[in-house]
Structure formats: structure tokens, C-alpha cells
Amino acid sequence: MDKLLASNNKKVGYLDSLNKEQYEAVCTTEGPLLVLAGAGTGKTKVLVSRICHILKNNYAKPWEILSVTFTNKASREMNNRVAEQIGQAVEGTWLGTFHSIGVKILRSNAELIGLKNNFSIIDTDDQIRVLKQLIKSNNIDDKRWPARSLAYIINKWKDLGLLPEEISQNNVSNFAQGKSVELYKEYNSLLKVQNAADFGDLILHCLTLFKKNKDVLENYHKKFKYILVDEYQDTNQSQNIWLKLLAMGSKNICCVGDDDQSIYGWRGAEVGNILSFENDFPGAKTIRLERNYRSQPHILKAASELIKNNEDRLGKTLWTEKEDGDPILISSHLDGAEEARSIIEICEKISKENSLNEIAILVRAGYQTREFEDRLLTVNMPYRVIGGPRFYERREIRDAIAYLRVVSQPSDGIAFERIINVPKRGLGLTTIKSIYDLSKKHKESLVSSAQKIISTDIIRPQAKSSLARLLEDFNRWISLKDQIGVRELLETILDESGYTDMWQKDKSIEAPGRLDNLMELADTLENFENLTSFLDHVSLVMENEKNESSEMINIMTLHAAKGLEFDHVFLPGWEEGLFPHQRSLDENGTTALEEERRLGHVGLTRARKTAQITFAYNRRSFGDWQNTIPSRFIDELPEANISFTDTSNNSDNNVFSDIDFNQDISNDFNQNYITFKELSNKQKTMVIGSKVKHKEYGIGYVIKVNFEKLDIVFEGFGKKTIIETYLELIDD
DNA sequence: TTGATCGATTTTTTT
DNA sequence: AATCGATCAA
């Protein structure tokens, strides 16, 4: 009885807890709708409630709703929250990222765009490897015209939804004397031969499919009665066309986004999409969500004032009814280590009365996390780095996956090439080149060419027999594929190929860890029914779920923080050059500056209760010290909402109200500081190989020196990282 | 073909 | 500072 009441309450509850604008956004189910939702205004709540509303009223079945998000994280959360609100898991909804939905569509229509339905998905790394080959085989100087640049150009075209033949004269870049379009064409046909698609293709192929096969598109029109799009400001042109084509049927498309949180311009996202929604979808209605339920007024005010400096925006006025709270604390520091030390000290204080999970350190660039990790390790506080080095990007994991890819899809030459000589089989560059040339000549896959080359005299007899053996192995594994489980398949391959052996014989420090990772990969495999679903997961999700339940401080980039919120947020590194980032300014000028500012806005609006901004006067980059000045964004924050503390020169708690941050406060001092650092670095007495003594661990030897932190191997205790002052040097 | 060594290059953000 | 790649000797 109680249960029934509870579920009844829930049924009504999903509409009751909405404010007026949210309610309107949920109930306007028919026709195109743009919801401009500022940070913390209940964007996800609206999307989730909207799905519930459609389902509860039986406007559509779960499989007639298409919900697209930008990240896997977002789609997972949406899925969970819908289930929570409905009271049970909802089966059959088309809920996922643009890319995963694209794959789903392509797998069932692969032949129509010239692929087989088990096509491989290649990532940026593979892509660059393919392009490198291409550049070389076209006799282009790859020093002058690096594969990375070509990848960038091609990806840009794909993001724009342009096929090689659709590129207009003024769009042609001068890459390799205008050969870029030709290379683009060649690259595409190479992928086709290998039965592979890159990220851009996952959307672009859909466009081709829809345009050339009206019946297919019509089927999707009949199917999808409602389309919902999250983070609409992040869509690129290709995705926007994709949406337009799909929405032509029902016209019931609801896009939720915030132009002030558009931070993926560098990846092709077009704020323009959100600005021109009403043109793209005639008869569209726009609803603004401006009431913020997250941050306290000082934070909200500061974030709003900051973003007002942008010209290219629709404009919203966020407001809140929350109590005042604390102003944003801004403090200066001598260098990055000092900054980290100081922030972690505050974290320790906060953690006495708060959950560590409610603390986040948001950095501009990935490499900044290091100083915080170092500090957290020394004070022994648990932390997690969100979006850090990825499990599936580790070398051993990629190798293992490459084996699986070839077994799953033998045309996948990109994967085959990766492991043809791993472990070492005496198949070096010459052999690979010969196979590659042959495959190019006959327009066939590398594996087919490899098979053929065995019966020729192109390569050395040794290489021939070695290659023959590898191909036999693959044939055997392929025939095993449908007979045994995926886990066993992987174990067999790793065993018989000698891959596991290779790492077991390897004496480097990382080797045992790599073996552990391979075991973990095998465990993961058990969760998948077949190889294809696992490989899709690897390429599209790229992360391995971990036990994230325990108490830890969160460290991540500002980009990774979008969509999240925390009670206490730290924003380190607000310095010119780092934030706004120099490279971004160099490449895209004012447009980029505005995007950097939006990043700042995203960062600040993650905070519920407190936000602290810090900067350092000295930062190390590319190995040497850089003298820095505070970020211009600090200057743009309203004085009434901030409080400045200068902790850079021992005069604690100096509070200034009107500092001109653009003036370099202590140039001479910093210059001296740098000299001092360099000297103390050179005068270091403990070097690699030094014998040292620690009062707890006894005698050990230095294996790594990182300023005052030394890695020591102790007898009986193994490797430890110790600060220099706790060690005593012993000369022998 | 392999392993070692030297030099170049990097560090923005991610599906 | 640390990784990656090109080059060269064995």
C-alpha cells in the first residue's frame, strides 16, 4: 500500500516540482522547441521530465523517442534519472551520444554506404597513422606537412558535413600545394577498403545514407515521434544537418542548450546552431530558464558579470533566491607547487566537516593535475582524476584490442599493422612496406595482401615463414570466434601470440602493471555478448567503469566538469597564457578568447557554496620557468563579489580591494625567484644512484629526482616517493 | 631487423 | 621534463 502511494506520488511529482518555465518546456511537446537553459537551471530535469511526460501520457513508446547527448556520462545520467522517475528501467529508448546512435543506424544500413555491417571504428590515433602512410606514399614531405595537420583539416571538413567532391574552391587549404582534397578522397577510399569509419564518418555517412535513400530516412521519420537533444550548443554543422533530416518527419524536436557554455568550438561545434535555431526549424518556440538552483549569489553574480564581457551571445539573466554565502576567494602564489600546497591545505580543513566528493579542483590543461596529485599523495588524501589517462588508451590494451579487431574484422589493416610485429616476429619496416604497396596496388586489405605475399619472393624467407605462421594463427582464432566466449578468445590469443609472454619477460617497472591491465580487460570482456558490441564500447565509450563510490577529491579539466556540480570548487592557474590559453588565442583570436571566457563561466557555475580562484607568479612549462601575470578574467570579476589574499610573500591575509592585476606586481622578485630555483636545482646533492637513509625505511637508493621529491627503492619496502628533507645522504 | 642514442617536440580541450 | 621519432651501428 505504501509502495503504491509512493509511486502515485512520483507520477504527479514529476510535474509538481517544476517551475513555470520548466513546466512549459516539459509540456510543449509538439513542434520545434529551443530551451535556453543557463547553468544550474534544471536542464537535465526538464529533459528527463519531458521523456516521462511523453511516456506517461502515452504520446509515444520508448522506442519512438530519440534522445541525443554529447557525452556518455550525460546519456548514462539521463537513462538513470528516467528510470528513477518512472519507477522502473525503460527498455528500448534510443538514448545515447550522437556517435553511438550514428553507429546504430549505420550498422543496420551499412551496405547502402559501401561498408559491411561489422565495420571498425577508428580513433584519432589510428587516423593519424593512416594519414602518415598516405602522405608518405604520395611523396609529400611529412616534416613540412605533418599528418596531424591533415587530420585536423579532414576532420574539420567532416564536421562541416562535406564530402571531398563538395569542397568548394575557397575551402581548399594549401596543405601540400593544394593536395588536401585529393588526400581526403584517398583517405576515405582507404577506409572503405579496410571496412572502417572514423568519428566524423559516423555522422557524415548517415547524411549520405539519408540523402541517397529516401525510404530509409522515411522509416526513421515514422519511427521517431519525438527527438530530444542535450547540450545543443555543442553540435557541429554535420550533426545539425543530421538532426534536421531526422526531425523533418515529426517536427517534434526539443533542443536544450546554453550558448554561454559552448566550449567545443575547436572541435567544430558551432554556437551558430543555437543562434539560428529559429531559422533551421520554422515555427520554433524558445523558452528561457534563468532561475539558478545551484550557486550562492556571490558566485552567480561573478559568473554572470564575467560572461557579460562576451559579445557573441543571446544573453540571459540568471537569478537565485539563495542566501548570500561567501565571496569568491582569490589568492596569489609563488609557483604551482605552492598553489597546490595551499589549495590542498584548505581541502583538508573543508574535509573535516564535508565530504571529499563535494570538493573539485578544475584545471585548464591536463598537465596541471600533476602538481595536485603529487601533493595529495604526500598528504595521503584520496583523489580521483576524471577523464585522465584512459584505460583503453594504454599501449597493452590497444595492442590486445588490435588483435581482437583483426579477428572480428580481418579487413581492418590498421589494427593488423599495429600488432604485425608485436611481439617481435622479425617483420620490420621493409616487410610492412611491401605488404602495404601490394594492398595499395590491388585495392585490397592488408591481410589479403599479406596472404598473397607469402607465395611470392618479395620478402625474405625468414619473414615469409614468420608471416605465414601469424596468418595461420589468425585463421585459427577466427574460426574459434563463434565457438568460445569472448574472454576465452582473448586469453587464447594473448597466450598463443606470445603477447603475454612478451610482458612477462619484460623487466621494466611498468610490466607487471600492464599484465594486471590485461587481466582487467579480460574481466571487462565478460560483460559483453559479442566482439562487436565490445569493440563499439571501446571506441565510443573509451572508459572503464571504476568503483567511484568512495570518498575522494575530484580533479578534472574545466571541459570535463561541464554538467557537474560541487559544493566547493577550486580554480587554479588563472594566469595569462594558461587561462586564457595562449595557443587558443594564437589560433583563433577573439572568438577563442570568448570561448575561454565561457570556460571560466562554466568553472565558476559548477560551485554551489564556495569558489576559490588562484594564480601563481611562476610556472614551469616545457621544462623551464615562466614568469606569469594574473588572468585578465580576474580583472573582469566584480569587486563586490571577491576577496583577494596575497599569499605569495609570507604576508598572510593581506586583503586588497582594488588591485590592478594587469600590472606585473613583482617582476624583479620573480626574476630572482627563478634564478634561485635554478640554482637550488643544480646544487642538489642527491642524484640518481645516491645512497640515502630514511628513519623509517632505512637504507635505499635514489631512482628518480623530481625537485624536492625523490623516488627511492628501499630494501624490503620497495619504491617510495619521499621529500628530500626527510632523507639523509650517505656517501660511500 | 633491432636496439640505442640523439634530437625534436610537446601541454588545451574529446566523441 | 618527458615522451616520441628519426637515425645509425651491430
Side-chain angles (χ1 to χ4, degrees), chain A residues 68-75 96-103 121-125 127-129 132 142-143 146-148 155 158-159 197-203 231 234-236 238-239 262-269 336 362-371 386-390 392-393 395 420-421 423-433 459-460 462-463 466 536-543 556-562 573 577-588 592 595-596 598-599 602-603 619-626 681 704-707 709:
Chain A
V68 215
T69 63
F70 194 65
T71 65
N72 295 294
K73 200 168 60 190
S75 84
T97 62
F98 275 99
H99 293 89
S100 68
I101 306 249
V103 170
I121 302 163
I122 67 162
D123 64 13
T124 322
D125 227 58
Q127 190 184 28
I128 286 179
R129 228 134 25 95
K132 235 177 220 164
D142 64 343
K143 276 261 152 55
R148 287 182 67 113
N155 289 337
K158 291 200 175 180
D159 286 346
D198 64 21
F199 285 137
D201 286 338
L202 299 182
I203 305 300
E231 307 278 19
D234 288 334
T235 51
N236 61 35
S238 168
Q239 290 160 335
S262 164
I263 54 176
Y264 287 106
W266 53 274
R267 219 177 72 182
L362 310 181
V363 297
R364 175 62 182 88
Y367 71 91
Q368 285 174 270
T369 62
R370 218 194 134 157
E371 280 165 321
I386 296 180
R390 294 150 183 246
Y392 293 124
E393 274 171 7
R395 192 163 77 158
I420 186 169
N421 201 29
K424 296 264 183 302
R425 300 187 175 91
L427 302 171
L429 275 161
T430 323
T431 314
I432 295 172
K433 178 102 189 348
I459 56 173
R460 293 174 19 238
Q462 270 176 314
S466 179
D536 276 358
H537 173 84
V538 170
S539 359
L540 297 172
V541 179
M542 293 296 279
E543 60 192 53
M556 70 198 85
T557 62
L558 288 163
H559 285 86
K562 193 166 64 135
L578 178 57
F579 185 56
H581 201 281
Q582 194 54 48
R583 194 161 148 189
S584 124
L585 298 187
D586 289 348
E587 276 165 19
N588 279 309
E595 184 153 313
E596 294 285 303
R598 289 194 290 268
L599 260 182
V602 167
R619 200 169 283 278
R620 204 172 31 177
S621 77
F622 298 120
D624 48 26
W625 288 92
Q626 210 78 44
N681 207 15
K704 197 178 138 205
V705 181
N706 178 20
F707 288 90
K709 284 181 286 294

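Per chain, numbering begins at 1; letters A, B, ... match sequence-line order.
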A:T97 has a side chain; which of B:dT2, B:dT1, B:dT15 sits nearest to it? B:dT15

Provide a list of protein-nucleic acid N or O atom pairs under 3.5 angstrom, restricted to nucleotides 3-10 of chain C.
none

Residues in side-chain contact (heavy atoms from CB on, under 4.5 Å) contact with A:S539, at least two apart in sequence or another chain: A:I121

To the nearest angstrom, how far is [X] atom [atom1] from [N] atom [atom2]?
{"X": "A:N236", "N": "B:dT14", "atom1": "CG", "atom2": "C1'", "answer": "12 Å"}
{"X": "A:I121", "N": "B:dT14", "atom1": "CD1", "atom2": "C1'", "answer": "15 Å"}
{"X": "A:D624", "N": "C:dA2", "atom1": "CG", "atom2": "C1'", "answer": "14 Å"}
{"X": "A:I420", "N": "B:dT1", "atom1": "CD1", "atom2": "P", "answer": "11 Å"}
{"X": "A:I101", "N": "B:dT15", "atom1": "CD1", "atom2": "P", "answer": "16 Å"}

What distance, rounded to whole Å, do you find between the two P atoms, one in B:dT13 and one in C:dC4? 15 Å

Could you work out the separation of B:dT12 and C:dG5 based on their C1' atoms and round it to a whole Å? 23 Å

Please answer whether the main-chain N or O of A:A560 pairs with a side-chain N or O of A:K73 as donor and acceptor at a distance below 3.5 Å. yes

Less than 4.0 angstrom between a side-chain N/O of A:N155 and OP1 or OP2 of B:dT14, yes or no? no

Between B:dT1 and A:T430, is there an OP1 or OP2 to side-chain N/O distance shorter than 4.0 Å? yes

Polar-atom pairs under 3.5 Å, protein N or O versus N or O of nucleotides 11-13 of chain B: list them with distances, or write none.
{"from": "B:dT12", "atom 1": "OP1", "to": "A:R583", "atom 2": "NH1", "distance (Å)": "2.0"}
{"from": "B:dT12", "atom 1": "OP2", "to": "A:H581", "atom 2": "NE2", "distance (Å)": "3.3"}
{"from": "B:dT12", "atom 1": "O2", "to": "A:R364", "atom 2": "NH1", "distance (Å)": "2.9"}
{"from": "B:dT12", "atom 1": "O2", "to": "A:R364", "atom 2": "NH2", "distance (Å)": "2.1"}
{"from": "B:dT13", "atom 1": "OP1", "to": "A:G366", "atom 2": "N", "distance (Å)": "2.6"}
{"from": "B:dT13", "atom 1": "O2", "to": "A:W266", "atom 2": "NE1", "distance (Å)": "2.7"}
{"from": "B:dT13", "atom 1": "O2", "to": "A:H559", "atom 2": "NE2", "distance (Å)": "3.3"}

CG of A:D624 to CZ of A:R619, rounded to nearest 0.5 Å, is 14.5 Å

In Å, rounded to the nearest 0.5 Å, how long is the span from CD of A:E595 to OG of A:S584? 7.5 Å

With sequence neighbours left out, what residues match A:R129 under salt bridge (charged side-chain N to carboxylate O under 4.0 Å, His left out)? A:D126

Quick one: list whatever passes salt bridge (charged side-chain N to carboxylate O under 4.0 Å, His left out) with A:R583, sequence neighbours left out. A:E587

Counterpart residues, ring pair (Phe, Tyr, Trp, His ring centres under 6.0 Å), relative to A:F199 (two or more places apart): A:H99

Quick one: on DNA chain B, does A:F70 or A:G426 contact a more 5' nucleotide (nearest heavy atom)? A:G426

Are A:R267 and A:Y264 in a cation-pi contact, defined as NZ or CZ under 6.0 Å from the six-membered ring centre and within 45° of the axis? yes

Which part of the nucleic acid does A:D123 contact within heavy-atom distance under 4.0 Å: base, sugar-phosphate only, or nothing? nothing

Across the strands shown, which category fits A:R460 at heavy-atom distances under 4.0 angstrom: base, sugar-phosphate, nothing? sugar-phosphate

Indicate whether the side chain of A:Q239 and that of A:D159 have a donor and an acceptor atom separated by less than 3.5 Å. no

